[in-house]
Amino acid sequence: MSSDKRSPLVVTIDGPAASGKSSTSQMVAARLDLRHLDSGMIYRTITHARLRGGEAPEQWTEQSVLHAARRVSVAPGATSFTPRLDGADCEAAIRGDAVTSTVSLVAKMPHVRAWVNALVRATAASHAIVVDGRDMGTAVFPDARLKVWLLALPQERARRRLVQRTGRAPTDAELAAETAELERRDLYDREQTQPAADAVWLDTTGMTQDEQVAKIVELALERR
Ligand code: CDP
Ligand code: CDP
């Protein structure tokens with residue numbers, strides 16, 4: 001599938017936090033022999049870079065965040081891309097609470113969004129990818145071969161996130177707190193989290209991950 005020289009294949013998978021975008025994209029990419037690019041990872045890496053510069057996030061100017069962004073790149077691996085800051089792998093640093101609680105602020109900055117989108121497009125120009133995020137099928141790849149809008153009820157997304165983080169079933173109190181946190185981020189991210197008009201909607205609330213991967217692979221193969 002990755003041999004079309006004129007337009008490298010792009011599959012976009014967008015949706016709210018913890019709907020399964022990254023893990024599903026990774027599996028779909030492996031099945032289709034493509035690479036997975038996580039656009040949220042780029043926003044996280046920029047946030048990490050800016051956090052290292054000090055100052056409270058409320059005081060960050062867009063210019064200073066853009067300055068941090070210019071130190072960020074992505075490097076192709078066998079099946080995905082790893083985030084780089086000043087050329088060094090920083091995957092381990094970008095998933096912590098400090099980045100998670102600040103990243104949406106950075107993602108609101110229009111020039112930063114334009115910078116990220118240019119990096120994602122440049123990556124897609126030389127690699128066939130499955131890319132996940134919020135606006136990949138709308139702002140970045142309006143002509144993507146396949147666009148998927150992945151969703152699940154907030155409480156199910158919270159349960160998945162907690163299981164992913166702790167490896168065990170959550171308590172009711174943990175579930176309530178995580179659901180509230182996800183709904184807060186949904187609200188904050190809602191402007192840039194929009195399904196494309198021609199996206200295929202996949203409500204995964206009652207699905208297993210294998211089922212949703214199989215469905216997306218089937219759709220991609222139909223559009224070969
Ligand atoms: O995995 P999760 O959905 O929690 O977040 P992520 O994909 O790692 O993205 C982190 C944050 O980056 C999101 O909460 C959005 O604020 C922002 N983001 C965005 O605005 N646009 C994208 N295409 C991807 C992420
Ligand atoms: O990237 P995003 O934040 O949308 O979600 P993720 O980190 O890929 O997925 C959150 C967790 O939900 C992962 O541990 C997945 O394995 C799990 N999961 C899923 O994605 N789909 C299901 N049907 C069931 C669980």
Side-chain angles (χ1 to χ4, degrees), residues 12-29 36-48 50 57 65 69 72 74 80 83 91 93-110 112-121 123-124 129-141 144 147-170 178 181-196 202-216:
T12 63
I13 302 186
D14 289 311
S19 57
K21 300 180 300 295
S22 293
S23 51
T24 302
S25 300
Q26 183 68 44
M27 293 178 196
V28 169
H36 168 221
L37 176 62
D38 174 355
S39 64
M41 170 188 89
I42 304 173
Y43 286 100
R44 285 177 178 274
T45 307
I46 296 169
T47 306
H48 164 61
R50 184 61 189 85
V65 177
V72 171
V74 296
S80 61
E91 174 69 50
I94 65 170
R95 306 282 165 193
D97 289 347
V99 169
T100 301
S101 60
T102 319
V103 60
S104 296
L105 179 88
V106 164
K108 286 273 178 223
M109 297 175 168
V112 175
R113 295 200 75 78
W115 188 92
V116 171
N117 292 351
L119 175 60
V120 172
R121 282 194 202 100
T123 306
I129 59 170
V130 179
V131 60
D132 81 280
R134 299 293 192 287
D135 57 348
M136 293 299 111
T138 50
V140 187
F141 298 110
K147 302 174 185 176
V148 176
W149 180 251
L150 208 62
L151 67 155
L153 289 175
Q155 209 185 35
E156 171 61 11
R157 290 190 274 127
R159 189 194 64 76
R160 291 176 187 177
R161 185 60 99 216
L162 288 164
V163 171
Q164 182 183 42
R165 206 180 286 149
T166 65
R168 58 165 174 81
E178 186 65 23
E181 166 57 21
L182 279 181
E183 285 177 329
R184 184 194 66 82
R185 197 139 62 95
D186 285 353
L187 197 65
Y188 205 74
D189 285 340
R190 71 184 183 286
E191 270 168 46
Q192 65 258 23
T193 310
Q194 301 293 341
L202 211 54
D203 184 341
T204 69
T205 305
M207 291 174 91
T208 66
Q209 190 145 38
D210 284 348
E211 285 169 344
Q212 72 218 25
V213 170
K215 181 70 195 166
I216 298 169

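Side chains are part of it too, since the values below use all heavy atoms of this structure and drop only hydrogens, waters and symmetry mates. Treat the numbers as computed from the prediction; the structure is a model and nothing was measured. Start at 1 and go down the list; that is how both ligands and their atoms are numbered.
Within 6.0 Å of CD on E191 lie no more than 12 heavy atoms contributed by other residues, nucleotides or ligands. The 12-atom threshold is not exceeded at CD of Q155, counting heavy atoms of other residues, nucleotides or ligands nearer than 6.0 Å.
Partners of K147 according to the side-chain hydrogen bond (donor to acceptor under 3.5 Å, both in side chains) rule, which considers only residues two or more places apart in sequence or in another chain, are D198.
With no hydrogens or angles considered, no side-chain donor-acceptor pair links R157 and T205 at under 3.5 Å. Side chain to side chain, Q194 and T138 fail the donor-acceptor criterion of an N or O pair below 3.5 Å. Side chains of S23 and R160: no donor on one and acceptor on the other come within 3.5 Å.
Of all the atoms in ligand 2, the ones that sit under 4.0 Å from a non-hydrogen atom of Q212 are 19 (C), 20 (O), 21 (N), 22 (C), 23 (N).
A distance-only check finds a donor-acceptor pair linking the side chain of R190 to the backbone of L187 [under 3.5 Å].
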Just the distances, no angles: every ligand 1 N or O to protein N or O pair closer than 3.5 Å, one line each.
residue: ligand 1; atom: 1 (O); partner: R161; partner atom: NH2; Å: 3.1
residue: ligand 1; atom: 3 (O); partner: K21; partner atom: NZ; Å: 3.2
residue: ligand 1; atom: 3 (O); partner: R134; partner atom: NH1; Å: 3.4
residue: ligand 1; atom: 3 (O); partner: R134; partner atom: NH2; Å: 3.1
residue: ligand 1; atom: 4 (O); partner: R161; partner atom: NH2; Å: 2.9
residue: ligand 1; atom: 4 (O); partner: R185; partner atom: NH1; Å: 3.1
residue: ligand 1; atom: 4 (O); partner: R185; partner atom: NH2; Å: 2.6
residue: ligand 1; atom: 8 (O); partner: R44; partner atom: NE; Å: 2.6
residue: ligand 1; atom: 14 (O); partner: R134; partner atom: NH2; Å: 3.3
residue: ligand 1; atom: 14 (O); partner: R185; partner atom: NH1; Å: 2.7
residue: ligand 1; atom: 14 (O); partner: D189; partner atom: OD2; Å: 2.7
residue: ligand 1; atom: 16 (O); partner: S104; partner atom: OG; Å: 3.3
residue: ligand 1; atom: 16 (O); partner: D189; partner atom: OD1; Å: 2.7
residue: ligand 1; atom: 16 (O); partner: D189; partner atom: OD2; Å: 3.3
residue: ligand 1; atom: 20 (O); partner: R113; partner atom: NH1; Å: 2.8
residue: ligand 1; atom: 20 (O); partner: R113; partner atom: NH2; Å: 3.3
residue: ligand 1; atom: 20 (O); partner: Q192; partner atom: NE2; Å: 3.3
residue: ligand 1; atom: 21 (N); partner: R113; partner atom: NH2; Å: 3.0
residue: ligand 1; atom: 23 (N); partner: S39; partner atom: OG; Å: 3.1
residue: ligand 1; atom: 23 (N); partner: R134; partner atom: N; Å: 3.1
residue: ligand 1; atom: 23 (N); partner: D135; partner atom: OD1; Å: 3.0

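Using a 4.0 Å cut-off between heavy atoms, T208 contacts ligand 2 through its backbone alone, with no side-chain atom that close.
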